[in-house]
Amino acid sequence: MIHIVLLEPEIPANTGNIGRTCVAAGARLHLIGPMGFQINEKQVRRAGLDYWDKLDYSLYDSYPDFLAKNPGAKIYMATTKARQVYSDVSYEDDCYIMFGKESAGIPEELLVDHEETTVRIPMFGDIRSLNLSNSVAVVLYEALRQHGFENLSRTGHLHHHHWKDGSL
């Protein structure tokens, strides 16, 4: 299983999208506070997160709390400051991929401690970064691809509909 870690996420819609992606991907979500919103039933319902009950997730008060409860975790840190591209590393089966908060990313002092396992999504020009939920999807699905999309549905089914004039 791949683990997605959000460090102090600020925007509930991003976390909601990421939760949905984790359900679809069979990944576990770890949310490290303080967060910019509360995850309570009312908010979850209002955001239309009808799949939230299917999500495997854990909440932590702080980064030290996360480390204490996940000893020995192999952590990759996604950051625009990384020297290597996210697709150039081999993601272990039980690894953790961490993303920082929307406004500031992962603090430099954490990145310095994990420099060999920082990863970056290549981008054009001066754009600062992708949306957080898009970044998670990009990196998570690369890790899943490396594991042959194990346990995920690999085929879909087309339903053939014909227009009234017979053309498609």
Side-chain angles (χ1 to χ4, degrees), residues 1-63 65-67 69-70 73-80 82 85-87 89-107 110 117-123 127-159:
M1 173 182 287
I2 305 290
H3 300 264
I4 295 298
V5 183
L6 302 184
L7 180 64
E8 302 179 8
E10 296 165 314
I11 300 171
N14 283 336
T15 297
N17 281 329
I18 291 162
R20 183 175 189 157
T21 299
C22 287
V23 170
R28 183 147 206 244
L29 182 60
H30 302 260
L31 299 169
I32 301 175
M35 299 194 293
F37 53 92
Q38 250 85 48
I39 292 186
N40 56 43
E41 259 188 75
K42 194 171 170 189
Q43 275 202 322
V44 163
R45 274 203 313 275
R46 190 181 301 141
L49 308 183
D50 49 354
Y51 50 84
W52 197 259
D53 59 334
K54 299 180 183 74
L55 177 64
D56 181 4
Y57 74 99
S58 301
L59 298 169
Y60 307 91
D61 295 332
S62 63
Y63 182 65
D65 181 36
F66 164 78
L67 290 179
K69 290 176 179 160
N70 297 280
K74 173 74 182 210
I75 305 171
Y76 292 90
M77 295 193 171
T79 171
T80 55
V85 173
Y86 76 96
S87 52
V89 304
S90 296
Y91 298 95
E92 297 83 353
D93 188 25
D94 206 30
C95 70
Y96 293 71
I97 308 170
M98 178 180 283
F99 298 80
K101 61 178 158 191
E102 289 87 343
S103 64
I106 298 171
L110 297 188
T117 54
T118 57
V119 295
R120 165 185 174 84
I121 298 170
M123 279 168 273
I127 188 153
R128 206 165 42 92
S129 63
L130 293 174
N131 170 277
L132 181 63
S133 61
N134 291 340
S135 297
V136 170
V138 165
V139 181
L140 173 55
Y141 267 83
E142 169 58 18
L144 294 170
R145 185 195 66 78
Q146 290 183 10
H147 291 273
F149 298 115
E150 222 173 346
N151 304 322
L152 301 183
S153 303
R154 291 179 62 102
T155 55
H157 302 285
L158 284 175
H159 300 283

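Note that this is a predicted model, so its numbers are computed, not measured.
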Q: Please assess Tyr63 against Met98 for the test side-chain contact (heavy atoms from CB on, under 4.5 Å), listing each intermediate value before the final yes or no.
A: CA-CA 11 Å; Tyr63 182 65; Met98 178 180 283; 3.4 Å; yes
Q) Per the side-chain contact (heavy atoms from CB on, under 4.5 Å) rule, which among Asn134, Asn131, Val136 passes with Asn14? A)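 Result for side-chain contact (heavy atoms from CB on, under 4.5 Å) with Asn14: Asn131.
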(Q) Which residue in the set Asp94, Thr117, Asp93 passes side-chain contact (heavy atoms from CB on, under 4.5 Å) when paired with Lys74? (A)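 Of Asp94, Thr117, Asp93, side-chain contact (heavy atoms from CB on, under 4.5 Å) with Lys74 is met by Thr117 alone.
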Q) If you look only at pairs with a residue in residues 133-142, which of them pass as a salt bridge (charged side-chain N to carboxylate O under 4.0 Å, His left out), with sequence neighbours excluded? A)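 Found Glu142-Arg145.
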[atom1]-[atom2] distance between [X] and [Y], expressed to the nearest 0.5 angstrom:
{"X": "Leu110", "Y": "Leu7", "atom1": "CG", "atom2": "CG", "answer": "6.5 Å"}
{"X": "Arg20", "Y": "Thr15", "atom1": "CZ", "atom2": "OG1", "answer": "15.0 Å"}
{"X": "Leu130", "Y": "Ser135", "atom1": "CG", "atom2": "OG", "answer": "4.5 Å"}
{"X": "His147", "Y": "Met1", "atom1": "NE2", "atom2": "CE", "answer": "12.5 Å"}
{"X": "Leu140", "Y": "His3", "atom1": "CG", "atom2": "NE2", "answer": "11.5 Å"}
{"X": "Met35", "Y": "Ile11", "atom1": "CE", "atom2": "CD1", "answer": "13.5 Å"}

Q: Decide side-chain contact (heavy atoms from CB on, under 4.5 Å) for Leu67 and Ile75; before the verdict, give the C-alpha distance in whole Å, the side-chain angles of both, and the deciding distance to 0.1 Å.
A: CA-CA 10 Å; Leu67 290 179; Ile75 305 171; 3.9 Å; yes
Could you pull out the closest heavy-atom pair between [X] and [Y], with the gap in Å?
{"X": "Met77", "Y": "Ile106", "value": "CB-CD1, 3.7 Å"}
{"X": "Leu152", "Y": "Ala24", "value": "CD2-O, 3.7 Å"}
{"X": "Gly19", "Y": "Leu29", "value": "CA-CD2, 4.1 Å"}
{"X": "Gly100", "Y": "Leu132", "value": "O-CD1, 3.7 Å"}
{"X": "Tyr51", "Y": "Gly16", "value": "OH-O, 2.7 Å"}
{"X": "Leu55", "Y": "Cys22", "value": "CD1-CB, 3.8 Å"}

Q. Is the backbone of Ser129 close enough, under 3.5 Å, to the side chain of Thr80 for a donor and an acceptor to pair up by distance?
A.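 Not confirmed, Thr80 side chain does not pair with Ser129 backbone.
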**Q.** Pairing residues for Tyr60 by the side-chain hydrogen bond (donor to acceptor under 3.5 Å, both in side chains) criterion, not counting sequence neighbours
**A.**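 Applying side-chain hydrogen bond (donor to acceptor under 3.5 Å, both in side chains) to Tyr60 gives His30, Asn70.
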Q | Ser58/Arg28 under side-chain hydrogen bond (donor to acceptor under 3.5 Å, both in side chains): CA gap, chis, key distance, verdict | A | CA-CA 8 Å; Ser58 301; Arg28 183 147 206 244; 2.7 Å; yes
Q) Does some side-chain heavy atom of Thr21 sit less than 4.5 Å from a side-chain heavy atom of Tyr141? A)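 Side-chain contact under 4.5 Å: yes.
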Q. Under 6.0 Å between the ring centres of Tyr91 and Tyr76?
A.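 Yes: the rings meet the under 6.0 Å criterion.
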Q: Verify side-chain contact (heavy atoms from CB on, under 4.5 Å) between Ser90 and Gln146, making sure each step is shown before the conclusion.
A: CA-CA 7 Å; Ser90 296; Gln146 290 183 10; 4.2 Å; yes
Q: Apply side-chain contact (heavy atoms from CB on, under 4.5 Å) to Ile97 and Tyr86, showing your working.
A: CA-CA 10 Å; Ile97 308 170; Tyr86 76 96; over 6 Å; no
Q: List the steps, then state whether side-chain hydrogen bond (donor to acceptor under 3.5 Å, both in side chains) holds for Ser103 with Glu10.
A: CA-CA 8 Å; Ser103 64; Glu10 296 165 314; 2.8 Å; yes
